[in-house]
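Data block below; observations after.
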Amino acid sequence: MSKKILILPGDGIGPEIVAEAVKLIERLRADFGLNVELEHGLIGGSAYDAKRHPLPEDTLRLAQAADAVLLGAVGGHKWESLPIALRPEKGLLGLRAGLTLFSNLRPAILYPQLAAASTLKSEIVAGLDIMIVRELTGGIYFGQPRGIRTLDNGERQGFNTLVYSESEIERIGRSAFNIAMKRNKRLCSVDKANVLECTELWREIMTGLAKDYPEVELTHMYVDNAAMQLVRAPKQFDVMVTTNMFGDILSDCAAMLTGSIGMLPSASLDAKGKGMYEPIHGSAPDIAGKGIANPLATILSVAMMLRYTLNEQALAQRVERAVNKVLDQGLRTADIHTAGCEKVGTARIGDAVCAAL
Ligand code: IPM
Ligand code: MG
């Protein structure tokens, strides 16, 4: 039976990069027997413009019925003055919560061809291969109460709540331990247990889980130190597991080690392996519509979709090898361009990946 993929291009460069990923999926269908059906929907600011809501009901319904979702990016200056509940980002957060996509996998892999594009010395980053497992449906992003209130003295006060239940910590913990088992069996749990009770509980639960995974070496690190270690000696990490907000921050930091955030895909999975796949970069409104954005993070997100939801390991590898070939050919978008390489646009990279399959 064919699997359903919902395509949500979103805002900014979203439509341009997703078009290249769709081109790739069509090619996999035509030439490699991939059995999928594509559907299309609106999300983010473009959904707000058309339907007055960043996550229209029919988009959520289509996403719930689909086997996988491929998303471009959401957000842009145009919608920044909307009330927070109607901002494009709420569309994305609503999908994550509405589909219970609690486990967010953000690999940071350095392609050897791009070592010179990293701002760090190449010996520090050569061979880098980290997996950040970010909790995605809890923590301070979703905690109640939240808001901006006016105190008795007339001053306004903003507040958010960092909250994790034991079961939420346990399920993201198991997800991370299972991933560590398939890799180098080293897991670093990142928290702020010296200050925040919530992450004191986080550390306690992670420590308890370790008994079920005796082969995995579990370590703990405070988030400030983890940020420092990521730029000091990133290769000490194999798998990192952390809260929603710490994961948001550390994954951008890890991305830059690899040369460009334009290279990094992500998978957001529920308990059954259904997933939403998206590049970790944003909508980049400053370069939208120019045809110069890097589509490789989205293309590599398709590879993750093949691997984690569609169970097409061989095709996933084929896509990743094709990306490698294109980098070998010296084709680069502006974000990863270095001397001696050919600077090309979005569509040219997409075509080259299809040709290299
Ligand atoms: C990410 C993004 C989102 C997040 C924004 C767009 C809501 O930064 O996926 O990392 O903060 O989770
Ligand atoms: Mg982020």
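Heads up: numbering here begins at 1 and tracks the sequence. Atoms within each ligand, like the ligands themselves, are counted from 1 in listed order.
- When K185, R186, R183 are each tested for a side-chain contact (heavy atoms from CB on, under 4.5 Å) with V239, only one passes: R183.
- K3 places no side-chain N or O within 3.5 Å of a backbone atom of L34 that could act as its donor or acceptor partner.
- Atoms of ligand 1 found under 4.0 Å from any heavy atom of R134, numbered from 1 in the order shown, are 1 (C), 4 (C), 9 (O), 10 (O), 11 (O), 12 (O).
- Of all atoms in ligand 1, listed by their number and element, those nearer than 4.0 Å to a heavy atom of R96 are 1 (C), 4 (C), 9 (O), 12 (O).
- Between the side chain of T298 and the backbone N or O of V18, no donor-acceptor pair lies under 3.5 Å.
- Around the Mg ion (ligand 2), protein N, O or S atoms at less than 2.8 Å comprise D248 OD1.
- Taking R203 as the reference, D191 meet the side-chain hydrogen bond (donor to acceptor under 3.5 Å, both in side chains) condition, with sequence neighbours excluded.
- For the 3.5 Å distance criterion, the side chains of H281 and S260 fail to qualify, holding no donor opposite an acceptor.
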Show me the donor-acceptor pairs within less than 3.5 Å that the side chains of residues 345-357 make with the rest of the protein, sequence neighbours left out.
residue : atom : partner : partner atom : Å
T346    : OG1  : G291    : O            : 3.1
T346    : OG1  : I292    : N            : 3.3
T346    : OG1  : A293    : N            : 3.0
T346    : OG1  : A293    : O            : 2.7
R348    : NH1  : E342    : OE2          : 3.2
D351    : OD1  : K23     : NZ           : 2.6

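- Summarising the contacts of atom 6 (C) of ligand 1 with E278, E89, K90, M245, the nearest heavy atom is found in E89.
- Formation of a donor-acceptor pair under 3.5 Å by the D270 side chain with backbone atoms of T100 is not found in this model.
- Residue pairs that meet the ring-ring contact (aromatic ring centres under 6.0 Å, His included) test with at least one member in residues 127-184, sequence neighbours left out, are Y164-W202, F177-Y213.
- In terms of N/O distances under 3.5 Å, ligand 1 is approached by R106.
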